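Scope of the values below: all heavy atoms of this structure, side chains included, with no hydrogens, waters or symmetry mates. What you see is a predicted model; the values in this text were computed from it and never measured.
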Amino acid sequence: MTIRTYMDLEAWKEGIELAVQVYQLTDRFPRYERFGLSSQMCRAAVSIPSNVAEGQCKSRKEFQHHVSHSRGSLQELMTLVVIADRRSYGSADLLAEIRVRADREGRLLSGLRRSLMG
């Protein structure tokens, strides 16, 4: 398959699905978390595919840089997921689904980064 736009990249597609799941999770958080943990989780989740999209139209080196930012946002998100879990926010099933999807996204981003280095 030929990559024409960022929307063809599996890392972008998976990142979008991860962000949607994070929004589903945070929709159920207590109201007082709306401007705290909820907001921070959504920003981190949205940053993952957004950086892939932004980087894809730039030079190879800049794309690598944006993929690195996506990986950093993914790690930030997973830290926030741990906090949400420890605070008992959200269902255990949805938290588990997010962890699985995030793990897959991490592998996709690592593969994308390696392909850009070669």
Side-chain angles (χ1 to χ4, degrees):
M1 178 175 150
T2 302
I3 304 298
R4 285 181 227 143
T5 73
Y6 60 89
M7 290 184 275
D8 295 325
L9 294 168
E10 288 300 315
W12 180 84
K13 292 175 189 177
E14 192 70 18
I16 291 293
E17 294 305 317
L18 178 59
V20 168
Q21 280 189 318
V22 167
Y23 271 91
Q24 289 170 348
L25 175 69
T26 60
D27 282 347
R28 299 180 184 126
F29 281 11
R31 288 189 92 100
Y32 59 82
E33 285 292 2
R34 188 171 65 180
F35 298 110
L37 187 60
S38 176
S39 176
Q40 195 168 353
M41 287 180 78
C42 290
R43 279 195 314 272
V46 167
S47 177
I48 297 164
S50 296
N51 271 295
V52 171
E54 184 177 354
Q56 195 270 334
C57 68
K58 299 187 180 217
S59 72
R60 183 177 286 254
K61 185 173 181 171
E62 287 176 297
F63 195 5
Q64 286 175 338
H65 182 73
H66 279 81
V67 171
S68 291
H69 278 291
S70 290
R71 293 174 66 200
S73 293
L74 179 62
Q75 296 308 309
E76 176 185 1
L77 174 62
M78 293 319 300
T79 298
L80 298 167
V81 165
V82 169
I83 293 167
D85 189 23
R86 291 196 181 168
R87 298 281 300 157
S88 299
Y89 295 161
S91 73
D93 288 344
L94 185 52
L95 286 163
E97 287 176 32
I98 287 171
R99 284 187 187 97
V100 168
R101 190 171 298 276
D103 183 60
R104 183 174 192 293
E105 177 68 359
R107 288 191 311 274
L108 288 167
L109 290 170
S110 291
L112 179 57
R113 185 169 177 267
R114 276 192 306 276
S115 75
L116 292 168
M117 295 171 86

Do you know which two heavy atoms are closest between S38 and T26, and how far apart they sit?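 For S38 versus T26, the nearest heavy atoms are OG-CB, 3.2 Å.
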
With sequence neighbours left out, write down each residue that passes salt bridge (Lys or Arg N to Asp or Glu O under 4.0 Å) with [X], or none if nothing qualifies.
X	value
E62	none
R99	D85
R43	none
E14	R101, R104

So, taking the atom named [atom1] in [X] and the one named [atom2] in [Y], what distance separates them when rounded to the nearest 0.5 Å?
X	Y	atom1	atom2	value
S70	W12	OG	CH2	12.5 Å
C42	L37	SG	CG	9.5 Å
K58	H66	NZ	NE2	4.5 Å

So if you build clusters from Ile, Leu, Val, Met, Phe, Trp, Tyr with side-chain heavy-atom gaps below 4.5 Å, do [X] and [Y] land together?
X	Y	answer
M7	F63	yes
I48	L94	yes
L108	L9	no

Side chains of V67 and N51: does their closest heavy-atom pair fall under 4.5 Å?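 No, too far: nothing below the 4.5 Å cut-off.
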
Which atom pairs, donor and acceptor, lie under 3.5 Å between side-chain atoms of residues 109-118 and protein residues at least two apart or in another chain?
| residue | atom | partner | partner atom | Å |
| --- | --- | --- | --- | --- |
| S110 | OG | G106 | O | 3.1 |
| S115 | OG | L112 | O | 2.8 |

Mutual orientation of the aromatic rings belonging to Y89 and Y32 [parallel < 30°, tilted 30-60°, perpendicular > 60°]: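 Taking Y32 first and then Y89, their aromatic rings stand perpendicular (interplane angle over 60°).
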
Of L25, I83, V46, which is the lone residue that meets side chain to side chain contact (heavy atoms under 4.5 Å, CB included) with M41?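 Looking at L25, I83, V46, the match for M41 under the side chain to side chain contact (heavy atoms under 4.5 Å, CB included) is L25.
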
Side chains of residues 71-80: which donor-acceptor pairs under 3.5 Å do they make with residues two or more places apart or in other chains?
| residue | atom | partner | partner atom | Å |
| --- | --- | --- | --- | --- |
| S73 | OG | S47 | OG | 2.8 |
| S73 | OG | H69 | O | 3.2 |
| T79 | OG1 | Q75 | O | 3.1 |

